[in-house]
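Some notes on the structure that comes next.
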2 protein chains.
Amino acid sequence: MERVPLVAAANVSERLAQPPALAISTVIFALRPSVSSGRPTLWLPLVKRIREPFKGLWALPGGPLTQAESLLDAAARNLQDTTGLAPSYLEQLYAFGGLHRSPSQRVVSIVYWALVQSTEAEQAEESENVQWFRADGLQELAFDHNEIVKYALWRLRNKMEYGPIAYHLLGEKFTLAQVREVYEAVLNRSVDPANFRRQLKQTAGIEPTDEFLQGGKHRPPRLYRYSGTNNHLVKTHLLEQPLLERAGPPGHPPPTL
Amino acid sequence: MERVPLVAAANVSERLAQPPALAISTVIFALRPSVSSGRPTLWLPLVKRIREPFKGLWALPGGPLTQAESLLDAAARNLQDTTGLAPSYLEQLYAFGGLHRSPSQRVVSIVYWALVQSTEAEQAEESENVQWFRADGLQELAFDHNEIVKYALWRLRNKMEYGPIAYHLLGEKFTLAQVREVYEAVLNRSVDPANFRRQLKQTAGIEPTDEFLQGGKHRPPRLYRYSGTNNHLVKTHLLEQPLLERAGPPGHPPPTL
DNA sequence: CCAAAAGTGTTACCGTTACACCCATGT
DNA sequence: ACATGGGTGTAACGGTAACACTTTTGG
């Protein structure tokens, strides 16, 4: 929400003299069962604009950056404000600073993206002005937010292919099949269960528990736990380059809006 | 409640009311022959601070974001301003927004990183207040700029392992051995010439010319040309996820300063 | 006993790595 | 001729993909 104190009837020269406004927005992903198939799919919460510009359209949660907050804190806070949830993973996506992103004023948005555990996501608040939508096939959003979501999705998919982040969409304990479902949902392709299992077991940070998931129709699968630094929420630390995390910035940063 | 000496006579509440300042900085890489070995190594230009804070220390080139510029334009401009050069590659690195990056004022810096062709880099301007330094083993810099450079280096190295960016450090035409030298210089390890050659030839976007580099002591190597979208300088385009560019955001974003 | 998911074993495939070898040129 | 980097051939290695197979549960 690039809401900015409308600068009343500011004349042009005055507007030019002012620095660009700075806002934080967040793309929040969570898994929810699809209405049709019941299988998990990606959803995200949006906020309805209650004033111009783009009044009535849906937009990413966000707000101005206040003096006392770091960028990360600001992102976490507006995640909390809109959904009532705490992120399981939170990372900077990109800074969007095109000249005409907002018709009324020059705004630079620093956008974060977050993953929320599915167990918590069920309790997420909804209201008249906050609703969840399927991440694919979104309607037209305010500002350049369609592009931003598209880019966030690309990042999520890209990262899921090599990084240990799928767990952040699940609860504390999970079966390997559930992890596989996450991959299939996010990457939108089927994955061989046998090979997938082996790859996961090689991956450090994923530990078997003594528990098994009961209540299924078949052989009860073992539950696992993710023991990677749980603070993936906050300080992704000081530039050690981990083995698995190939990473690198977006091969393609998004259009320079 | 730390006392901040600067900011003239601004009282605290006034400072809190102001939005954080927004600045653009750029980490500019170019290859220059090492003084000792003569082999190419990574260098970058820094600017000496002529006022507080950190007066006398070296810092990344940068400045405030003006109303009329996109983020990318601003980065390109201050690259031009400090070195007199045009970037061959330019990409957003990260937005740094920690609370105490600058002692006097809250500043959010959106940092870009750039590659400059070695042919041009030779003509780069130097002066009392602008000098080039070897990218590794830098002295203490102003602000959090040591961290930023460290992160930019990590990104460069990471990207070089899978992306077609080495060419941006060379001239228009180059031998495969020169490309290999770039890899060796940046990644700091030796690369098998035979295998490297084959990998490059598979890579799309690199085309042989009819010319050969004369004047060497041995068999003249063929010259090649990079025909990838040359606008890698500017619009890295609309989110097509290319095959080679695995990419994904920094596995680890830098410390949230 | 049967269906279906959990979990294991095995093999083919493919890209990378290591390194032996030939080619072309200046001295 | 010979030293040296340019350039090609080839075989071992390692990770992934495909898929047959065994195990364990509920019905």
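Numbers restart at 1 for each chain; the letters A, B, ... are given by sequence-line order, proteins then strands. Hydrogens, waters and symmetry mates play no part in the numbers below; they use all other heavy atoms, side chains included.
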Minimum heavy-atom distance [X]-[Y], with the two atoms named:
X	Y	answer
A:Leu169	A:Leu31	CB-CD1, 4.0 Å
B:Glu184	B:Val191	OE2-N, 2.9 Å
B:Leu141	B:Asn146	N-ND2, 2.8 Å

* To do: Step through the shown structure and confirm whether more than 12 heavy atoms of other residues, nucleotides or ligands are within 6.0 Å of CD on A:Glu140.
  =>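 Open.
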
* Greater than 12 external heavy atoms within 6.0 Å of B:Gln123's CD ->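 Check passes, neighbour count above 12.
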
Whether [X] contacts [N] is assessed here as follows: a side-chain N or O lying under 4.0 Å from the phosphate OP1 or OP2. Is that the case?
X	N	result
B:Lys201	D:dG7	no
A:Gln202	D:dG15	no
A:Gln199	D:dG15	no

* Asked: Any sub-3.5 Å donor-acceptor pair from B:Arg197's side-chain atoms to B:Leu176's backbone N or O?
  ->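 It does not hold such a pair.
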
* Using whole Å, report how far CZ of B:Arg180 lies from C1' of C:dT17. =>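 That distance rounds to 15 Å.
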
* B:Leu223 CG to D:dG5 P: how many Å, rounded? ->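 To the nearest whole Å, that distance equals 18 Å.
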
* Mind running salt bridge (Lys or Arg N to Asp or Glu O under 4.0 Å) on A:Lys159 and A:Glu91 for me, showing each step along the way? => CA-CA 11 Å; A:Lys159 196 139 197 172; A:Glu91 182 189 304; 2.7 Å; yes

* Asked: What parts of residues 189-198 of chain A reach DNA chain D, counting only heavy atoms under 4.0 Å away?
  ->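 Close to the strand are A:Asp192, A:Ala194, A:Asn195, A:Arg198.
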
* With under 30° as parallel and over 60° as perpendicular, where do the rings of B:Tyr94 and B:Phe96 fit, or are they tilted in between? ->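 It falls in the perpendicular class, over 60°.
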
Below 3.5 Å between N/O atoms, which protein atoms pair up with nucleotides 24-27 of chain C? Just atom names and distances, please.
from: C:dG26; atom 1: O4'; to: B:Lys217; atom 2: O; distance (Å): 2.7

* Asked: Between the side chains of A:Lys201 and A:Tyr224, does any donor sit under 3.5 Å from an acceptor?
  ->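 Short answer, no.
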
* Using a strict cut-off of less than 4.0 Å between a Lys/Arg side-chain nitrogen and an Asp/Glu carboxylate oxygen, indicate whether A:Arg222 and A:Glu211 qualify as a salt bridge. =>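 Salt bridge absent between A:Arg222 and A:Glu211.
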
* In residues 205-213 of chain B, which ones come under 4.0 Å of DNA chain C, going by heavy atoms? ->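 None - not one residue of the stretch has a heavy atom sitting under 4.0 Å from the strand.
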
* Reference residue B:Ser88; test side chain to side chain donor-acceptor pair (under 3.5 Å); the match among B:Glu172, B:Glu120, B:His168 ->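 Exactly one pass, corresponding to B:His168.
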
